[in-house]
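See below for the structure under consideration.
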Amino acid sequence: GHLFALNSYENRVYQIGIEADSDEIFYVAKYYRPSRWTSSQILEEHSFAEELFENEIPVIPPLRLLDKTLFEFSDFYFALFEKSGGREPELEDRETLQWIGRFIGRIHAVGAVRSFRHRANLTPDVFGPICFSAAIFSASVLFFATIISSLGPYHAGIWCPHHNCLEMHQSWIFCNH
């Protein structure tokens, strides 16, 4: 087998190759930074990813092994995912942006069924004006601001009152494992 580090902004993510007979099976392991997330917050994210998948939104939910999605070793929580190919969306194409907007709308519809209880909302009120000012210039926020502003009537803003939509969109929709 082998281990290969993948790009990740928030956590440590690795591709794991496991030799099985004459084939190699690939998985993705996501290690959550110690003291950054509680198990309740992570499990809530996992549950949401499973709900999105059940509603035919193209996400890769964590693998459920021994009826669990979250595991712990030393001070690290981790989860395993099936490896799936992906590609960057064509952001210059208006149809692609509308397609992305429809998926964002569907994510909001699933998220509106119930509120997150354990994850903090990513808003200026929660993180403060200084943090918000710094975050607004990050690549992921500029990326979503560009998409959202180009969609016109599809979305009026970045913040969703039902869940931490910015993080969920960044983590699940546009990941390229």
Side-chain angles (χ1 to χ4, degrees), residues 8-13 27-72 76-84 86 89 96-129 131-132 135-136 138 140-177:
S8 176
Y9 177 74
E10 178 69 28
N11 302 294
R12 301 300 168 249
V13 181
Y27 295 96
V28 173
K30 180 178 181 181
Y31 292 85
Y32 299 87
R33 292 188 331 193
S35 304
R36 177 65 171 98
W37 305 109
T38 66
S39 61
S40 297
Q41 291 171 317
I42 297 167
L43 288 170
E44 193 169 57
E45 175 184 316
H46 288 182
S47 176
F48 186 60
E50 289 174 326
E51 288 177 58
L52 293 173
F53 184 77
E54 290 166 6
N55 282 278
E56 299 179 355
I57 295 172
V59 299
I60 302 161
L63 290 174
R64 187 167 285 282
L65 305 169
L66 304 172
D67 204 34
K68 295 175 16 175
T69 61
L70 185 63
F71 304 90
E72 187 174 2
F76 290 90
Y77 290 117
F78 69 95
L80 296 172
F81 300 80
E82 289 184 16
K83 183 180 184 296
S84 178
T96 299
L97 294 176
Q98 290 174 338
W99 177 81
I100 290 169
R102 285 190 295 272
F103 275 118
I104 291 172
R106 289 177 60 199
I107 291 168
H108 283 227
V110 172
V113 172
R114 63 182 163 78
S115 296
F116 277 113
R117 293 180 36 221
H118 303 286
R119 302 276 307 243
N121 289 326
L122 185 58
T123 65
D125 294 336
V126 172
F127 286 92
C131 293
F132 178 72
I136 199 70
S138 73
S140 61
V141 175
L142 286 175
F143 174 75
F144 282 102
T146 301
I147 289 173
I148 290 167
S149 66
S150 68
L151 295 176
Y154 289 99
H155 290 283
I158 292 174
W159 311 119
C160 171
H162 302 291
H163 65 282
N164 182 348
C165 64
L166 177 64
E167 174 137 3
M168 296 309 298
H169 297 187
Q170 186 267 337
S171 296
W172 295 109
I173 295 301
F174 300 106
C175 61
N176 268 332
H177 296 297

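For the single chain, residues carry numbers from 1 onward in sequence order. All values reported here derive from a predicted model rather than from experimental measurement.
- A side-chain donor-acceptor contact under 3.5 Å links E44 to the backbone of H118.
- The shortest side-chain heavy-atom distance between I57 and F103 falls under the 4.5 Å cut-off.
- Between V110 and F48, some side-chain heavy-atom pair lies under the 4.5 Å cut-off.
- The aromatic rings of Y32 and H46 lie tilted to each other, with the angle between the two planes from 30° to 60°.
- No donor-acceptor pair closer than 3.5 Å links the side chain of R117 to the backbone N or O of S40.
- Under the side chain to side chain contact (heavy atoms under 4.5 Å, CB included) criterion, L65 pairs with L63, F71, L80, sequence neighbours left out.
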Using side chain to side chain contact (heavy atoms under 4.5 Å, CB included), reason through E72 and Y77 one step at a time and then give a plain yes or no. CA-CA 4 Å; E72 187 174 2; Y77 290 117; 3.7 Å; yes
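- At a threshold of 4.5 Å between non-hydrogen side-chain atoms, the residues E50 and T69 count as touching.
- Inter-residue side-chain proximity for L70 and S39 is flagged as met; some heavy-atom pair is nearer than 4.5 Å.
- Taking the charged nitrogens against the carboxylate oxygens, K30 and E45 do have a contact shorter than 4.0 Å, which makes a salt bridge.
- Smallest separation of non-hydrogen atoms from R36 and Q41: O-OE1, 4.1 Å.
- A donor-acceptor pair under 3.5 Å is absent between the side-chain atoms of R106 and the main chain of L52, judged by distance alone.
- Between P62 and A49, the shortest heavy-atom distance links the atoms CD-CB, 4.1 Å.
- No more than 12 heavy atoms of other residues, nucleotides or ligands shown are found within 6.0 angstrom of CZ on F53.
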